[in-house]
Amino acid sequence: LRAESPTSLETLLVSPLAWLLRRIGAEPDPWEPDKMDPLVQGNIAHSVFEELFPKEGSGLDRETVVVSVEEALSNAIRKHAPLLATAQWKVERHELRGTLIRAATWWQDVLEHLGGRVVGVEAKLTGDFNGVAIRGYCDQIIQLPDGKLIVVDFKKSSSPKRRERMALGYDCQVSLYEIMLGEEGHGLEIEAAS
């Protein structure tokens with residue numbers, strides 16, 4: 001049996017048929033024109049944050065945040081959506097740039113406030129849930145000054161229902177990440193300093 005990710009387990013709970021179709025590769029694959037959908041925006045945003053907040057990096061310099069974001073955004077667009085570099089996508093690109101500058105500045109503030117440091121980027125987590133092997137990648141692992149590890153999974157768009165599930169403690173993805181991380185980070189395939 002292949003290990004399940006938090007997303008695939010959530011799909012299995014919500015729709016076993018959708019899970020099966022995805023597992024056997026029988027999902028519809030319709031053609032459609034390029035667009036700036038949440039998936040493209042999310043891939044770009046993740047790539048920008050990976051570049052701006054690398055493992056054991058020093059964080060953002062307040063004086064150069066705009067230049068740093070612009071450079072990382074250009075690299076991400078070349079990698080994930082070259083069409084966005086054209087003049088026709090100028091408005092969307094400018095809006096995404098502004099959002100990323102605000103998000104990167106805010107995330108730097110959070111790291112400084114917590115005294116946290118990035119010890120993992122696209123960190124692989126593995127574990128076991130009731131006899132089912134689970135695996136996944138989280139966007140970042142932050143280590144606090146007391147050694148506690150925090151799993152970070154960035155989301156580009158807001159989801160009120162997801163926020164509600166998280167507040168009530170019913171979000172599968174977060175719970176599974178917590179299980180995979182385990183005590184002292186034993187499910188984490190990186191070295192975390194003590």
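Numbering starts at 1 and runs along the sequence shown. Atom set for the values below is all heavy atoms of this structure, side chains included, hydrogens, waters and symmetry mates excluded.
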I want to check something: taking the side chain as every heavy atom from C-beta on, are Trp89 and Leu83 in contact at a cut-off of under 4.5 Å? yes
Between Glu4 and Arg23, does at least one N-O distance fall below 4.0 Å, as a salt bridge requires? yes
Considering all heavy atoms of both residues, which atom of Gly136 and which atom of Met180 are nearest to each other, and what is their separation? N-SD, 3.8 Å
Go through the steps for Ile142 and Arg117 under the test side chain to side chain contact (heavy atoms under 4.5 Å, CB included), then give the verdict. CA-CA 5 Å; Ile142 305 301; Arg117 64 188 185 91; over 6 Å; no
How about Thr105 and Arg62: do any of their side-chain heavy atoms sit closer than 4.5 Å? yes
Could you go through Trp107 and Glu112, starting from their C-alpha distance and side-chain angles, then the distance that decides it, and tell me whether this counts as side-chain hydrogen bond (donor to acceptor under 3.5 Å, both in side chains)? CA-CA 9 Å; Trp107 186 240; Glu112 287 174 4; over 6 Å; no
pair Ile141-Val118: side-chain heavy atoms closer than 4.5 Å: no
Side-chain heavy atoms of Leu73 within contact of Leu96, under 4.5 Å: yes
Pair Glu122 + Lys55: basic N to acidic O under 4.0 Å: no
Do Val119 and Gln140 have side chains that approach each other closer than 4.5 Å (heavy atoms only, starting at C-beta)? no
Do Leu125 and Ile134 have side chains that get closer than 4.5 Å, going by heavy atoms? no
Gln41 vs Asp37 side-chain heavy atoms within contact, under 4.5 Å: no
